[in-house]
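Have a look at the structure below before the remarks.
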Amino acid sequence: MGELAVAVSGVTKRYGDFVAVDALSLAVPRGVVYGVLGPNGAGKTTTLRMINDILAPDAGEIRLFGALAPGREAGRRIGYLPEERGLYPKMRVVELLAFFARLRHVPRRDALIRADRWLDRLELSAWRKHAVQDLSKGMQQKVQFAAALIHEPELLILDEPWSGLDPINADVLRDIVLEQRAAGRTILFSTHQMAQAEQICDEVCIIARGKKVLDGPLDQLRRAAAADRLVALELATPADLAAVEAGPLADPALVTAVRPRRGHVEVELASDAAAGTLLARLVALGVGVRRFELVVPTLHQIFVDRVGAEVAAGREGAPDA
Amino acid sequence: MPDWLVIASRELRERVRSKWFIAVTLLGPLLLAAVLVLPVYLGVKSAEQRATVDVVDQSGQLLPALVEAAREAGGHLDLVAVDAGTPQDELLRRIRDKERSGFLTLPADVLMGGAAVYRGDNATNLKFAASLGQLLNRAAVTARGRAVGLDAAVVTRLVRPRLTVAAVHDNGTGQASSATAAFVVGYAVMFLLYMAIVFYGAAVMRSVVAEKTGRVVELVLSAVSPRALMLGKVLGVGGVGLLQLTTWAVAALVLFHFRGAVLGAFGIAGADAISVPLGAGDALVVLAYFALGFFFYAALFAAAGAMVASEQEAQQVQLPLVLLLVIPVLCMQLVTNDPRGGAAEVLTLVPFSSPILMPMRWLLGGATTLELLLSLAILVLSLLAALALAGRIYRVGILSYGKRPSLRELARWLRR
């Protein structure tokens with residue numbers, strides 16, 4: 001693994017008696033899309049704010065791009081899309097973007113050129129001289145993306161980026177993220193939507209109640225979680241299914257659970273059973289097998305397994321601070 | 001370019017470009033011109049107004065002397081003798097039909113102090129009432145003189161020439177100025193400073209609250225420190241205020257320089273003689289106190305804005321600050337009555353009131369240069385303390401969206 005874009009080690013943040021982030025460590029390699037996943041109140045936003053130097057950790061250490069502490073110098077190389085979105089409603093769009101560029105130390109002339117380039121790319125050029133408040137909500141969201149990217153940051157931090165986006169802008173954002181990764185930049189984002197994360201992440205870190213549950217490259221996690229114990233099974237006729245359910249699937253030495261799914265059943269094998277044994281039994285029974293497939297669990301399943309269904313559903317009372 | 005300058009220049013540009021700013025800045029000098037010209041103009045016009053008045057002389061002694069006095073005074077007043085038996089209804093009808101402005105009733109004992117009564121549609125014109133009183137008194141002296149057998153020429157020498165008092169403001173320096181002019185300028189400067197500090201201080205607070213409620217503050221804070229954000233905001237808004245005040249000051253000086261021509265255009269002569277005791281050094285004192293006073297209060301307003309989560313709550317927390325600003329205005333008379341007294345001295349040293357009262361005291365000549373420097377030094381130190389204090393409150397408060405902090409929580413913010 002090369003140099004890390006973000007290294008968080010043993011970081012703790014408290015609000016009064018409430019521990020928002022508890023001795024959290026995570027490592028984001030350069031050039032990957034990294035997802036911080038967790039239910040509401042898990043401490044995601046607090047973690048991202050500490051990386052952005054908006055909050056200071058009570059304990060632990062954060063290093064950016066190798067050796068930099070969070071602050072002005074590192075901040076110039078970071079683009080941020082906060083969960084709480086907002087722009088100056090009365091400013092002209094092009095000047096707003098130039099302002100955010102200049103806050104990240106882009107010279108004034110370049111700032112305007114870049115602002116126009118982004119407006120062109122997001123098909124907002126006709127609106128460049130309009131006040132932000134004249135734009136539709138969807139257009140304002142695009143301007144918000146541009147405000148995070150105007151200074152061409154090496155590291156893009158997105159906090160719950162898909163919340164509140166319409167499907168078109170969700171696609172725009174996904175294209176931006178993939179393009180940034182293709183350009184060798186690092187993207188760190190948080191979400192509680194596992195389906196979104198699954199489509200886009202290279203690596204993830206799952207946190208709950210401020211603590212890390214597990215982390216690593218997504219495909220490794222899924223393979224490790226699967227351990228070849230889940231089988232999707234589809235049979236030719238209902239009669240075949242009935243025969244199988246009465247036969248091999250009822251054998252506790254072989255199968256621990258059977259879950260009906262749309263058009264098939266999901267079979268969980270006993271820990272010391274092999275998928276081949278089940279297949280051999282089915283063939284011996286002479287039923288028509290349409291599909292017999294080892295299932296890799298979804299991120300959502302891993303999450304529920306590891307964090308617990310109740311927490312995963314976000315029923316914890318803690319505020320997302 | 002440092003962060004605070006980027007923030008400040010945004011604040012300045014956005015504000016200066018707004019239609020409101022342009023309108024107020026341009027209308028200011030017009031208003032000033034109106035304030036300068038109108039009273040003089042109206043005063044001259046009303047003095048020239050002719051009035052015809054019936055006189056019912058029940059004493060039978062005063063009327064001839066009164067007519068004489070009115071003629072000598074310039075003849076703006078036509079007096080018509082009316083028979084003492086004329087019914088009041090008839091006199092009132094003449095007022096209704098605009099034949100007369102009103103009627104003056106002189107009682108039988110008028111020379112012994114009996115009150116004359118004037119009823120008319122122009123009785124609210126204070127100048128008219130005052131000149132009527134003067135005429136009556138002059139006529140009374142003449143009538144009394146004749147009653148004791150004095151010659152008319154002797155009586156004339158007794159009442160002529162009329163004497164007046166010119167009040168000249170002087171603190172023993174020998175640099176005299178018109179007392180009225182000194183008071184008016186001092187009062188105007190005090191009021192202007194009060195308005196400017198309240199207006200622009202509240203503008204800083206509103207700007208802080210708007211950034212919070214508009215949720216843009218988090219993005220800004222990911223790029224700059226809260227301290228730079230607060231400083232930039234205060235300096236940006238303050239720059240707008242200074243720009244506006246300077247525009248007005250220049251307009252006022254230009255207008256004052258050409259006051260003769262301006263007033264002359266309205267047919268008023270002799271305005272060049274009006275002198276106002278305000279030099280370039282005095283203007284510098286006024287601007288210095290505006291700048292320091294504004295930054296002192298603006299820092300406190302910014303901290304107040306950071307503590308709240310909505311415009312409504314902001315209205316509540318700004319109340320103590322506005323009160324602190326109102327108190328000096330209420331204490332104004334302590335300074336004008338005795339610019340060199342102890343109360344004036346204390347009020348112009350305390351940083352909460354010195355920005356508003358010291359320029360006035362200085363213009364009235366009540367403060368020595370040493371006192372001015374001491375007051376400025378205290379204000380500068382207080383400003384630094386306020387910036388440090390407000391910076392701490394701002395840093396913690398700006399990201400809190402919950403309920404307003406209690407005093408105890410506030411103390412904890414300060415210790416962090």
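Model, not experiment: these values are computed from the prediction. Numbered from 1 within each chain, the chains take letters A, B, ... in sequence-line order. Side-chain atoms are counted along with the backbone in the values below, which use heavy atoms only and exclude waters and symmetry mates.
Contacts between A:A148 and chain B at a heavy-atom distance below 4.5 Å are absent for every atom of the residue. Interface remark: A:H151 contributes no atoms to any contact with chain B (heavy atom separation under 4.5 Å).
Between B:L221 and A:N52, the closest side-chain pair of non-hydrogen atoms is not below 4.5 Å. Using a 4.5 Å cut-off on side-chain heavy atoms (C-beta onward), B:L219 and A:R85 make no contact. A 4.5 Å side-chain heavy-atom check between B:E14 and A:E95 finds at least one atom pair inside the cut-off. No side-chain heavy atom of B:R10 sits less than 4.5 Å from a side-chain heavy atom of A:R102.
Of the listed residues (A:R92, A:R104, A:K90, A:R108), the one with the most heavy-atom contacts under 4.5 Å to chain B is A:R104.
For the atom pair CZ of B:R215 and CD of A:E83, the computed distance is 10.5 Å after rounding to the nearest 0.5 Å. Considering CG of A:L81 and CD of B:E218, their distance stands at 10.0 Å, rounded to 0.5 Å.
The minimum heavy-atom distance linking B:I7 with A:L103 is given by the pair CD1-CD2, 4.0 Å.
Scanning residues 68-80 of chain A against chain B with a 4.5 Å heavy-atom cutoff picks out A:R72, A:Y80, ordered by number.
Counting non-hydrogen atoms of other residues, nucleotides and ligands closer than 6.0 Å to CD1 of A:I113 gives a total above 12.
Residues meeting the side chain to side chain contact (heavy atoms under 4.5 Å, CB included) test with B:I327, sequence neighbours left out: B:C331. Here A:F99 pairs with A:Y88 under the ring pair (Phe, Tyr, Trp, His ring centres under 6.0 Å) rule; sequence neighbours left out.
Screening residues 126-144 of chain A for salt bridge (charged side-chain N to carboxylate O under 4.0 Å, His left out) gives A:D116-A:R128 as the qualifying pairs, with residues at least two apart or on separate chains.
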